[in-house]
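Single-structure report; data block below.
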Amino acid sequence: TVIPSDTSSSSSASSKGGKDLFGELDRFLKQEQRRLKDVFDEFDADRSGALDAGELARFVRRVIPEVSKAELHYFQVMLDVDGDGTVKFDELIATVQECRAAGVS
């Protein structure tokens, strides 16, 4: 999985979006002094154990307020590992780990 990254300058932004979701998420968690699971659970409004498209959009907008609809769609596709239309916490963690192992923020 490749995620868009904008860690050095706007010219390095991916054509798929340009937002660094995981970098922004890391900054958000540190700023809020919260654990990822707690934030995930906060946005899982129906307590299903997974974020549907609306819940994921609210989650991403909290982390990256200026995110576009196209970027939201990209993040949904990237994070929905099993393709069921929702993002479970283990899918989020697996994608973060895969990106870190690949050297992508």
Side-chain angles (χ1 to χ4, degrees):
T1 303
V2 177
I3 64 170
S5 178
D6 189 12
T7 57
S8 61
S9 72
S10 61
S11 64
S12 68
S14 166
S15 62
K16 295 225 183 234
K19 301 290 189 292
D20 176 9
L21 177 61
F22 299 129
E24 291 298 320
L25 182 57
D26 185 52
R27 281 187 280 284
F28 172 81
L29 293 172
K30 287 176 183 173
Q31 180 180 356
E32 298 285 320
Q33 296 183 350
R34 298 185 61 195
R35 294 178 2 171
L36 181 56
K37 178 65 170 145
D38 295 336
V39 174
F40 183 93
D41 288 344
E42 174 187 332
F43 287 91
D44 181 15
D46 61 3
R47 302 291 179 239
S48 66
L51 301 181
D52 63 27
E55 293 166 335
L56 181 64
R58 286 186 290 282
F59 173 76
V60 174
R61 282 193 179 108
R62 177 76 184 273
V63 176
I64 307 173
E66 69 281 1
V67 70
S68 71
K69 287 182 182 183
E71 290 163 333
L72 281 173
H73 177 73
Y74 177 76
F75 292 136
Q76 170 91 30
V77 171
M78 175 184 64
L79 294 169
D80 183 12
V81 176
D82 65 9
D84 69 352
T86 65
V87 176
K88 291 173 262 333
F89 185 72
D90 63 337
E91 289 176 310
L92 177 59
I93 293 299
T95 303
V96 169
Q97 290 172 338
E98 184 179 325
C99 288
R100 284 191 178 172
V104 179
S105 53

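For clarity, every value in this text was computed on a predicted model and none was experimentally measured.
Under a 3.5 Å cut-off, the side chain of Asp38 and the backbone N or O of Glu42 do not form any donor-acceptor pair. In terms of modelled atom types and a separation under 3.5 Å, the side chain of Glu55 and the main chain of Ala45 share a donor-acceptor contact. When atom types are taken as modelled, the side chain of Arg47 and the backbone of Asp41 share a donor-acceptor pair closer than 3.5 angstrom. The backbone N or O of Lys30 lies less than 3.5 Å from no partner atom in the side chain of Asp26, so there is not a single donor-acceptor pair.
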TODO: Any chance you could lay out the side chain to side chain contact (heavy atoms under 4.5 Å, CB included) test for Glu24 and Arg27, step after step, and finish with the verdict?
DONE: CA-CA 5 Å; Glu24 291 298 320; Arg27 281 187 280 284; 2.6 Å; yes
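Here the shortest heavy-atom pairing between Phe40 and Lys88 reads CZ-C, 3.7 Å. The nearest pair of heavy atoms linking Leu79 to Glu91 is O-CB, 3.4 Å. When all heavy atoms of Asp80 and Val87 are compared, the closest pair comes out as N-CG2, 4.0 Å. The shortest non-hydrogen separation linking Thr86 to Gln76 is N-NE2, 4.1 Å. Shortest non-hydrogen contact noted between Leu21 and Val63 is O-CG1, 4.3 Å.
When side chains are defined from C-beta on, Ile93 counts as touching Leu36, because their heavy atoms get closer than 4.5 Å. Phe22 is listed as a side-chain neighbour of Thr95, based on a closest heavy-atom distance under 4.5 Å.
When Arg62, Glu32, Arg34 are each tested for a side-chain contact (heavy atoms from CB on, under 4.5 Å) with Val39, only one passes: Arg34.
A continuous path of Ile, Leu, Val, Met, Phe, Trp and Tyr side chains, each step under 4.5 Å between heavy atoms, connects Phe43 with Leu29, placing both in one hydrophobic cluster. Both Phe89 and Phe28 are members of a single hydrophobic cluster when ILVMFWY side chains are connected at heavy-atom separations under 4.5 Å.
Note that CD of Glu71 and CD of Glu66 are 8.0 Å apart. Values are rounded to the nearest 0.5 Å. To the nearest 0.5 Å, the span separating CZ on Arg58 from CG on Asp52 amounts to 6.5 Å.
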